[in-house]
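Report on the following structure.
Side chains are part of it too, since the values below use all heavy atoms of this structure and drop only hydrogens, waters and symmetry mates. Just so we're clear, the structure is a prediction, and the values are computed from it rather than from any experiment. Whatever order the structure lists ligands and atoms in, that order sets their numbers, starting from 1.
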Amino acid sequence: MKILGIESSCDETAAAVVEDGRKLLSSVVASQIDIHAAYGGVVPEIASRAHTEAIYGVVESALLQAELTIDDIDAIAVTNAPGLIGALLTGLSFAKGLAFATKKPLIPVHHIRGHVAANYLVHEDLKPPFVSLVVSGGHTSLMRVDDYTKYSLIGHARDDAAGEAFDKCARVLGLPYPGGAAMDRLASLGDKSKYKFTAGSVDGAEYDFSFSGLKTAVINLVHQETTQKGRIIDDEFRADIAASFTSVLVKTITSRLELLMSREGAMDIVLAGGVAANSHLRAAVSETAEKFGAKLFLPPLKLCGDNAAMIAAQGYFEYLAGERGTTDLNAFATKSV
Ligand code: KG4
Ligand code: ZN
């Protein structure tokens, strides 16, 4: 079964074709990063307009790249939650129109489930049950995946997601948006014990995350050092901050995973999301997996960030579970997984 996936929840307009949830036939991603870089973050209204301009060409390119026409497609899967509402509505409206005009089934897909499904495209042996950590610009979620469409949330970010914290720390250090990848490289060069940062914890919710205080601590330190003490931001300063910040953030994430496995035993682990590209996080989760004798599945770097292949992959399993969207299907800025 060939599924056309469409994704537009944030600042990437994407379309892809995937066969039977596992075989990638094409994937096209039009990034808006250059447009938003001037503002240091995503501007929702600009994102919606850019999606509207890009969507037709991106879907056409995905079909061309797969050497297929719309007649060869069996169903259309689309992200309808969570994300920026205007951005989501662009992709959803396009998918609804296309499905209606071609009389093909429409399948709504949850963006976070999509990130997890990116792993099905490269790990043939990956099957639920497993525990998954989705770490991205908008989400930090620890979940139990009992079946392809049976999710339960164990812990999540109460304020800023990990990627948001990376990007804002990068911005105060003068790095271009999105600064996550640059922070990754700098952290490898710095001294992680130079600055003592701590991440928050949530009283009564030991699996939840809070990164907003960590982000603010970095911003305050940079302001104190520069505005008050006259220090110039150079590469050594950036590297030491990146290393100190990353080490705390990564330790916070792995501590939740270790707590869970120490209580409930080792489980297969699946990492996903844009921040899953972070080399320090990948190394630390690998160490955790080794410590507990758990099997770890990591997505390849090109499938960590937002793409539509992951939506088409998850769409297949949603289709098998009977999930269908009708013409009154709506988009939701927030929705539980
Ligand atoms: O999954 P994604 O494309 O979008 C959301 O669903 O949010 O994730 C984008 C996020 C951005 O915050 C970006 O800075 C971050 O992923 N990111 C990284 C790295 N590569 C991308 N963060 C840390 N280290 C990286 N290597
Ligand atoms: Zn995402």
Query - Check: F245 ring centre within less than 6.0 Å of F166 ring centre - result: yes
### Message
Please confirm whether the ring centroid of Y39 lies under 6.0 Å from the ring centroid of Y177.
### Response
no
* Asked: Would one find an N, O or S atom of C10, in either backbone or side chain, under 2.8 Å from the Zn ion (ligand 2)?
  -> no
Atom 24 (N) of ligand 1 has as its nearest protein heavy atom N278 ND2, 2.9 Å
*May I ask you to check whether E318 and T149 show a side-chain donor-acceptor distance below 3.5 Å?*
no
Exercise for the section: Please say whether more than 12 non-hydrogen atoms of neighbouring residues, nucleotides or ligands are located less than 6.0 Å from CG in D203. Expected result: no
So the angle subtended at the Zn ion (ligand 2) by D306 atom OD1 and H111 atom NE2, rounded to 10 degrees, is 100°
for atom 21 (C) of ligand 1, nearest protein heavy atom and its distance come out as G274 O, 3.4 Å
Please lay out, stage by stage, how V18 and Y316 fare under the test side chain to side chain contact (heavy atoms under 4.5 Å, CB included).
CA-CA 9 Å; V18 169; Y316 174 72; over 6 Å; no
A student checking ligand 1 against H115 at a 4.0 Å heavy-atom cut-off should list atoms 1 (O), 6 (O)
Quick note, side chain to side chain donor-acceptor pair (under 3.5 Å) partners involving residues 296-308, not counting sequence neighbours, are H111-D306, H115-D306
One finds that the ligand 1 atoms under 4.0 Å from a non-hydrogen atom of P178 are 14 (O)
shortest atom 15 (C) of ligand 1-to-protein heavy-atom contact is with V275 CG2, 3.9 Å
With respect to H111, determine whether any N or O atom, backbone or side chain, lies less than 3.5 Å from an N or O atom of ligand 1. yes
Any chance the side chains of E7 and S9 put a donor and an acceptor closer than 3.5 Å?
-> yes
closest protein heavy atom to atom 22 (N) of ligand 1 is G180 CA, 3.5 Å
### Task
Determine, stepwise, if the pair R49 / E45 fulfils salt bridge (charged side-chain N to carboxylate O under 4.0 Å, His left out).
CA-CA 6 Å; R49 285 164 193 259; E45 180 58 25; 2.8 Å; yes
Check your understanding: Does G138 reach ligand 1 with a nitrogen or oxygen that is under 3.5 Å from one of the ligand's nitrogen or oxygen atoms?
Key -> yes
Is R158 positioned over the aromatic face of F209, cation under 6.0 angstrom from the ring centre and no more than 45 degrees off axis?
-> no
Nearest non-hydrogen contact to atom 12 (O) of ligand 1 from the set D167, D184, T246 belongs to D167
| request: Inspect the surroundings of NZ in K96 and state if more than 12 heavy atoms from other residues, nucleotides or ligands are less than 6.0 Å away. | output: yes
Ligand 1 atoms nearer than 4.0 angstrom to some heavy atom of G163 are 12 (O)
Of all the heavy atoms in A181, does at least one lie under 4.0 Å from an atom in ligand 1?
yes
heavy-atom search around atom 2 (P) of ligand 1 in the protein gives D306 OD1, 3.5 Å
Of A161, G305, G137, the residue with the heavy atom nearest atom 7 (O) of ligand 1 is G137
